[in-house]
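Working notes, beginning with the structure itself.
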Number of protein chains: 2
Amino acid sequence: MEKTTRTQIIESADELFYHRGFEHTSFAHIADEVKISRGNFYHHFKSKDEILESVIELRLERAKQMLDAWQTQETNPTDRIRLFIQMLIMNKSKLKLYGCPVGTLCSELAKLDHVSKKQAGKLMGTYRDWLARQFIGAGCKKNADELAMHVLAHSQGIAVLANTFQDEAFIKHEVRQMEKWLDEALGK
Amino acid sequence: MEKTTRTQIIESADELFYHRGFEHTSFAHIADEVKISRGNFYHHFKSKDEILESVIELRLERAKQMLDAWQTQETNPTDRIRLFIQMLIMNKSKLKLYGCPVGTLCSELAKLDHVSKKQAGKLMGTYRDWLARQFIGAGCKKNADELAMHVLAHSQGIAVLANTFQDEAFIKHEVRQMEKWLDEALGK
DNA sequence: TACAGATTAGGACAAATGTCCTAATCTGTA
DNA sequence: TACAGATTAGGACATTTGTCCTAATCTGTA
């Protein structure tokens with residue numbers, strides 16, 4: 001079964017929005033990628049904003065899918081948090097070039113005061129809630145959300161600086177620090 | 001002595017680029033703010049990119065000026081780092097609305113692959129270098145830059161999340177954590 | 001085969017953008 | 001006052017943008 005045009009549009013837009021930003025990506029860019037006529041978008045979407053909506057949905061699904069996979073793959077909540085942190089290492093070359101796909105989208109939509117900025121926030125919220133659940137599972141019931149937010153904040157900061165300074169080595173060092181912090185936070 | 005038109009353009013652009021982002025800000029927006037004709041920008045600047053250049057210069061100057069003021073105002077390097085961290089509290093309402101002016105600019109310019117992205121990186125670098133000098137002054141000569149990058153990363157992450165979740169209270173909590181971390185890092 | 005509905009191509013459209021040009025006005029100096 | 005240079009207003013310009021329309025083509029079904 002082939003990919004539908006609609007799916008191709010969403011997936012190309014997903015990548016272009018990440019690489020170039022939402023506003024800086026035009027229909028012409030997506031059309032070039034998918035190799036369809038520009039005027040024909042409107043058979044699949046009512047507007048550019050609606051494409052963004054679908055892209056965020058796609059990212060939400062993929063995120064949940066990945067986190068679900070981790071849930072069955074690792075039995076230990078602590079190790080699952082470690083998997084989350086390891087994501088920074090796995091994606092280090094992309095982070096260097098484009099930053100974090102979630103964080104940069106949220107930042108851009110906040111400045112545009114875009115209708116979908118809240119929806120993009122849910123994407124970040126998915127990771128937040130999942131991390132909090134892992135911390136609860138690891139025995140930190142009372143401050144699980146705060147710990148989750150700390151991991152999230154640290155990850156976002158690492159992404160911004162790796163992008164700004166075009167530095168992958170920094171990611172590795174900072175991840176080591178975060179892992180050390182995690183051991184201490186869960187130790188007591 | 002009145003502000004020159006050129007200065008007014010730069011200062012309005014500075015604010016608009018922060019609030020709306022660089023690309024999403026047009027000449028029409030700046031012209032509205034400064035109350036001049038649109039066509040008359042080109043007597044002061046050759047292009048929009050040149051306005052951005054001047055805005056970054058302005059931000060560089062202001063950053064250096066602020067850090068210099070701290071240098072004379074506080075004799076203790078540790079207290080100067082605390083002042084840096086306290087900036088997050090002072091600017092919390094703006095951070096919630098627009099994120100960090102430095103971080104969001106660097107992220108945007110990276111996606112645009114803009115000629116000035118390196119220059120914007122220098123802005124971040126100014127804080128990095130200053131923080132590193134403070135850590136050296138506080139007796140952490142061997143890993144001063146790593147500590148500086150850690151403070152910077154944490155600050156950036158806090159800004160991204162405060163913006164994403166529209167949450168000021170989170171800033172206060174995370175700043176407290178960072179101050180605690182600072183005490184420990186300098187204690188040994 | 002015939003035909004209805006889905007899909008597509010291609011282009012029209014107004015609005016907005018960055019850029020540039022020219023004529024008017026202001027300002028300081030001789 | 002007279003005049004040169006700086007500053008400004010206003011609009012022209014080509015390009016790009018998101019949006020929309022229409023005619024052609026494809027696809028599955030009767």
Side-chain angles (χ1 to χ4, degrees), chain A residues 1-58 105 108-109 111-117 119-120, chain B residues 1-58 105 108-109 111-117 119-120:
Chain A
M1 172 154 159
E2 300 222 29
K3 276 180 192 171
T4 65
T5 305
R6 189 187 152 88
T7 305
Q8 281 183 288
I9 292 175
I10 297 173
E11 288 182 354
S12 289
D14 174 44
E15 196 179 19
L16 285 166
F17 290 173
Y18 178 34
H19 291 182
R20 306 176 49 97
F22 168 68
E23 199 174 31
H24 193 51
T25 300
S26 72
F27 281 91
H29 292 122
I30 308 175
D32 272 2
E33 207 74 21
V34 186
K35 283 174 182 47
I36 57 165
S37 154
R38 220 169 68 259
N40 145 22
F41 278 98
Y42 286 80
H43 182 260
H44 300 281
F45 301 94
K46 275 206 276 288
S47 68
K48 193 186 174 188
D49 290 346
E50 213 176 72
I51 299 182
L52 176 60
E53 246 179 74
S54 296
V55 166
I56 295 176
E57 263 176 48
L58 173 69
L105 181 67
E108 182 180 4
L109 297 188
K111 290 215 196 283
L112 302 184
D113 199 17
H114 192 279
V115 277
S116 288
K117 90 173 154 182
Q119 198 62 18
Chain B
M1 170 155 159
E2 300 222 31
K3 276 180 193 170
T4 65
T5 304
R6 189 188 151 88
T7 304
Q8 282 182 286
I9 292 174
I10 298 174
E11 289 182 353
S12 290
D14 175 43
E15 198 179 17
L16 285 166
F17 290 173
Y18 177 34
H19 292 181
R20 305 176 50 95
F22 168 68
E23 198 174 33
H24 193 51
T25 300
S26 72
F27 281 92
H29 292 123
I30 308 175
D32 273 1
E33 207 75 21
V34 186
K35 282 173 182 51
I36 58 166
S37 155
R38 217 169 70 259
N40 147 21
F41 278 96
Y42 287 79
H43 182 259
H44 300 281
F45 301 93
K46 276 205 277 288
S47 67
K48 193 186 173 188
D49 290 346
E50 212 176 73
I51 298 182
L52 176 60
E53 247 179 72
S54 296
V55 166
I56 295 176
E57 262 176 47
L58 173 69
L105 182 68
E108 182 179 4
L109 297 188
K111 289 214 197 283
L112 302 184
D113 200 17
H114 193 279
V115 276
S116 287
K117 89 173 155 182
Q119 197 63 18

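Please read these numbers as outputs of a predicted model, since none were measured by experiment. Labels below follow one simple rule: chain letters A, B, ... track the order of the sequence lines, proteins then strands, and each chain is numbered from 1. Side chains included, hydrogens not; waters and symmetry mates left out as well; all remaining heavy atoms used.
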Problem set entry | Phosphate contact (dA9(D) OP1 or OP2) by His43(B) side-chain N/O below 4.0 Å | no
For this session: Specify the closest pair of heavy atoms between Phe45(B) and Ile10(B), including all atoms of both residues, with the distance to one decimal.
Result: CZ-CG1, 3.7 Å
Seminar exercise, completed: Per-nt protein contacts along nucleotides 17-24 of chain D (heavy atom under 4.0 Å; B base, S backbone sugar-phosphate only, - none) come out as SBBBB---
Exercise. When the distance from CZ of Arg6(A) to C1' of dA6(C) is rounded to whole Å, what number comes out?
Worked result: 15 Å
For this session: Determine yes or no for a side-chain-to-main-chain donor-acceptor pair under 3.5 angstrom, with Glu108(A) supplying the side chain and Glu23(A) the backbone.
Result: yes
Exercise. Nearest of dT8(D), dT8(C), dA9(C) to any side-chain atom of Ile36(A)?
Worked result: dA9(C)
Exercise. How long is the gap from CZ on Phe22(A) to CG on Leu109(A), to the nearest 0.5 Å?
Worked result: 7.0 Å
Problem set entry | Close side-chain approach of Asn40(A) and Thr5(A), heavy atoms under 4.5 Å | no
Problem set entry | Atom pair OG (Ser12(B)) and NE2 (His29(B)), whose distance is rounded to the nearest 0.5 Å | 12.5 Å
For this session: Using only side-chain N and O atoms of Thr5(A), determine if any of them is under 4.0 Å from OP1 or OP2 of dT8(C).
Result: yes
Problem set entry | Nearest atoms (heavy-atom pairs only) where Leu52(B) meets His114(B) | CD2-CE1, 3.4 Å
For this session: Of all the heavy-atom pairs spanning Ile30(B) and Ile9(B), show the shortest one and how long it is.
Result: CG2-O, 4.1 Å
Problem set entry | Watson-Crick and G-U pairing of DNA chain D written in dot-bracket, each distance under 3.5 angstrom, with | for inter-strand partners | ||||||||||||||||||||||||||||||
For this session: Keeping the roles fixed (side chain from Arg6(B), backbone from His44(B)), state whether a donor-acceptor pair exists under 3.5 Å.
Result: yes
